[in-house]
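Only one structure is covered here, and it is reproduced in the block below.
Please read all numbers here as calculations on a predicted model, not as lab measurements.
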Amino acid sequence: MRDGVRLATDVYLPDTDGPVPVVLTRLPYDKNGQIIRVDVFAEALLERGYALVAQDCRGKFRSEGETVPWVNEALDGYDTIEWIVNQSWSNGRVGMTGLSYVGYTQWAALSTNHPALRAIAPRATNTNLGAAQLTPGEPEWTFYFQYVMDFYAVNDLLDHEQGYDWSHRPLIKAFEEAAEQMGVKPPAMDMHLSPQPPLRRYPEGHPLDAKPVPVLLSLGWFDPYCRAEAMQDYRAMVGNPAWKPIVHLRLGPHDHDDTRLDDRPANLSHGGSIDVPQLTPEQIRTWFEGELQFFDRYLKGNDDVEPLPAVEYQLAHSSEVRQTSSWPPPEATRRVLHLAGGQDATTGRLLPQQVGDVSPVSWTHDPDKLVPTATQFWSLLVAEWPDFRETVDREDVLTFRCDPLIEPLELAGPVTFHGRVTTTGPAMDLFAYLLDLEPDGSVRFICRGQQRLTASEPTDLTMSVGEAGYVLQPDHSLLLMLASSDYPDFIPLTGTQERWWFATSMRATNQTLEIGGPAGARLEITTL
């Protein structure tokens, strides 16, 4: 690198004469480990006449330098590409691939405008990945703080089963103890605990302000990153005439760890130890095939390769892979469902028309009785495939459901919640889940959203509930669940001015939502 630090780098070369195009992947998860199967990618790329370069990020595994996530990837990416194009086996054309943080390293490299970077294929990621203080107006996701801790583990990710004690008060003590066990306090740890200047993630400008290159953006319906930030990236690109013709979006029924709903092992169930099988090389190569076609067209510059569709998607519970010109599909329509009262205080109805006068419904947020996170691991939603039936029966959540369907309903696009809320606390969190109530009583995930707001007076809000790609079958019902905690995936509010990290005492608060009447709460869905 330009500062003299050396990054450990493996080079895989095809058995061909002359220089070849190169695919680069830069990862913090061990380029020679099992979390990311670089060997499988290498085999597929070499067969197609590409070289593969795999690199441990700065400070990780065999690479030198200080271990700080996010901030070094732009310039390290540029310097690595510069090194590649000066090798005898490189023809000067570089592409990048990888998911999650390895997708972020692609956006970071793109931000530097290196002329040799001709195409990127980020998967399960977004340009704002890991931003300090998270998205303004959203609850604090514990994963980002855990990730800062994980990033510093010397040999592998921390063992979460023996790691953090979420019931510890103050909570920060549990993380300080984990840092002490590691023998190092991550410098980036404090950025999640006290107000800090924004990270200098992109010192040469935001990647979406860079010179456009072809992008293949792949997202899963059941991945938290298939939410506002990733779709904002997509919509920003297709809203720019320079980007739009070379942006390709793939959407499918899988979670962050690439477990597909179609492939989910039948013996996996929520509760107890989750032993998730690794994806087989065949499964990895199946979804990687689309990237190979993408690289053949844009990195090799082979115009004979069939152009990729602007959007390719598969809805959950549908075997059909569809192609369309934009997302949501042009034929999609927006439908409004109004929240109405039910037989008791916490259950209501979703109706296609307004009914009744304005009336309040309330629920309690008790920091000592938090709504539990449905999964053990945020990235394994499909692998665990939790049943929410116990959660929706809690007294501290509100539920609204529509009548059982007569025919299938295809959801394909954004879901948005509109409402007027009030809280007795200094602030409130609102978590909204759109769920599938099945005839046997089980309740399954479709999409979700969350927002943090001050609402001591009645406050109007419009909140994304995520992006839905799902087919509900006859006799199933849409169910909307509203709650004020999701723990431990999100750090909850204490009911006081104290932050949960440092608080030793809490108090319960009451939240109120207005339903009924012209301005009553409503849910917008996108359907085919």
Side-chain angles (χ1 to χ4, degrees), residues 1-13 19-28 31 38 41 45 50-60 63-65 68-99 101-123 125-129 199-217 233 236-237 240 242-243 245-248 291 294-302:
M1 302 297 104
R2 64 189 64 187
D3 59 357
V5 167
R6 297 178 301 172
L7 303 189
T9 305
D10 293 342
V11 177
Y12 299 78
L13 297 178
V20 294
V22 179
V23 175
L24 167 66
T25 186
R26 304 188 60 252
L27 62 160
K31 60 182 172 57
V38 171
F41 301 142
L45 287 163
Y50 295 95
L52 173 66
V53 172
Q55 183 180 82
D56 288 330
C57 288
R58 179 180 291 245
K60 292 298 293 182
S63 286
E64 299 174 350
V68 180
W70 322 118
V71 299
N72 294 307
E73 310 308 353
L75 299 183
D76 284 354
Y78 183 99
D79 291 353
T80 300
I81 294 171
E82 184 67 13
W83 178 84
I84 288 171
V85 300
N86 283 290
Q87 305 308 306
S88 60
W89 38 262
S90 167
N91 71 357
R93 299 175 68 90
V94 178
M96 295 186 72
T97 186
L99 78 161
Y101 191 95
V102 193
Y104 167 77
T105 63
Q106 297 176 59
W107 288 121
L110 178 64
S111 72
T112 66
N113 281 300
H114 196 295
L117 183 57
R118 303 298 182 88
I120 64 171
R123 185 178 179 88
T125 193
N126 60 72
T127 61
N128 201 44
L129 190 76
L199 285 175
R200 195 163 176 258
R201 300 152 59 86
Y202 301 123
E204 303 204 353
H206 193 276
L208 298 187
D209 294 329
K211 180 181 178 180
V213 304
V215 174
L216 176 60
L217 178 61
D233 289 343
M237 287 187 288
N240 183 330
W243 280 98
I246 52 176
V247 172
H248 306 276
E291 292 192 16
F294 171 75
F295 287 132
D296 284 350
R297 183 166 180 86
Y298 290 115
L299 192 52
K300 284 185 177 177
N302 187 349

Locate the shortest heavy-atom distance separating A116 from G92; write the atom from each residue and the value. CB-O, 3.4 Å
Out of the candidates T80, T9, V102, V53, only one should pair with R26 under the side chain to side chain contact (heavy atoms under 4.5 Å, CB included) rule; please name it. T80
For the pair Y50 (side chain) and F295 (backbone), establish whether a donor and an acceptor sit closer than 3.5 Å, ignoring hydrogens and angles. yes
Between CG on residue L75 and OG on residue S111, distance to nearest 0.5 Å: 7.5 Å
Ion pair check, R58 and D3, cut-off under 4.0 Å: yes
Q106 side chain to G98 backbone, donor-acceptor under 3.5 Å: yes
Salt bridge (charged side-chain N to carboxylate O under 4.0 Å, His left out) contacts touching residues 111-123 (sequence neighbours left out): R123-D258
Would the distance check show the side chain of N240 and the main-chain N or O of A236 forming a donor-acceptor pair, the cut-off being under 3.5 Å? no
Looking at T97, is its backbone amide N or carbonyl O close enough to the side chain of T25 to form a donor-acceptor pair, meaning the two atoms are under 3.5 Å apart? yes
Value for CD (E82) from OG1 (T112), rounded to nearest 0.5 Å, stands at 10.0 Å
Rounding to 0.5 Å, atoms CG (N72) and CZ (R200) come to a distance of 11.0 Å
How close do A210 and N113 get, counting heavy atoms only, and between which atoms? CB-OD1, 3.5 Å
Minimum heavy-atom distance between L217 and T125, given as atom pair plus value: CD1-O, 4.4 Å
Residue pair A109 / L117: nearest heavy atoms and the distance that separates them: C-CD2, 4.0 Å
What are the two closest heavy atoms between S63 and A8, and how far apart are they? OG-N, 2.8 Å
Please work out whether the ring planes of Y78 and H114 are parallel, tilted or perpendicular, with thresholds of 30° and 60°. tilted
Among residues at least two apart in sequence or on other chains, which ones pass ring pair (Phe, Tyr, Trp, His ring centres under 6.0 Å) with Y12? none
Does a side-chain heavy-atom distance below 4.5 Å link F41 with V23? no
Could you tell me whether a side-chain N or O of D76 sits under 3.5 Å from a main-chain N or O of M1, the two making a donor and an acceptor? no
By salt bridge (Lys or Arg N to Asp or Glu O under 4.0 Å) - contacts of E64 (at least two apart): R6
Here the gap from T105 atom OG1 to L24 atom CG, rounded to the nearest 0.5 Å, amounts to 7.0 Å
Which atom of C57 lies closest to which atom of P28, heavy atoms considered: SG-N, 3.8 Å
Below 6.0 angstrom between ring centroids: does that apply to W107 and Y202? no
Side chain R93, main chain L299, donor-acceptor under 3.5 Å: yes
Checking D296 now: which residues fulfil salt bridge (Lys or Arg N to Asp or Glu O under 4.0 Å) with it, not counting sequence neighbours? R48, K300
Sequence neighbours left out, what passes ring pair (Phe, Tyr, Trp, His ring centres under 6.0 Å) with Y298? Give chain and number order. H248, F294
Pairing residues for D209 by the salt bridge (Lys or Arg N to Asp or Glu O under 4.0 Å) criterion, not counting sequence neighbours: none
Without swapping roles, check the side chain of D56 against the backbone of K31 for a donor-acceptor pair under 3.5 Å. yes
For the side chain to side chain contact (heavy atoms under 4.5 Å, CB included) test, which of V247, I246, L110 pairs with P212? I246
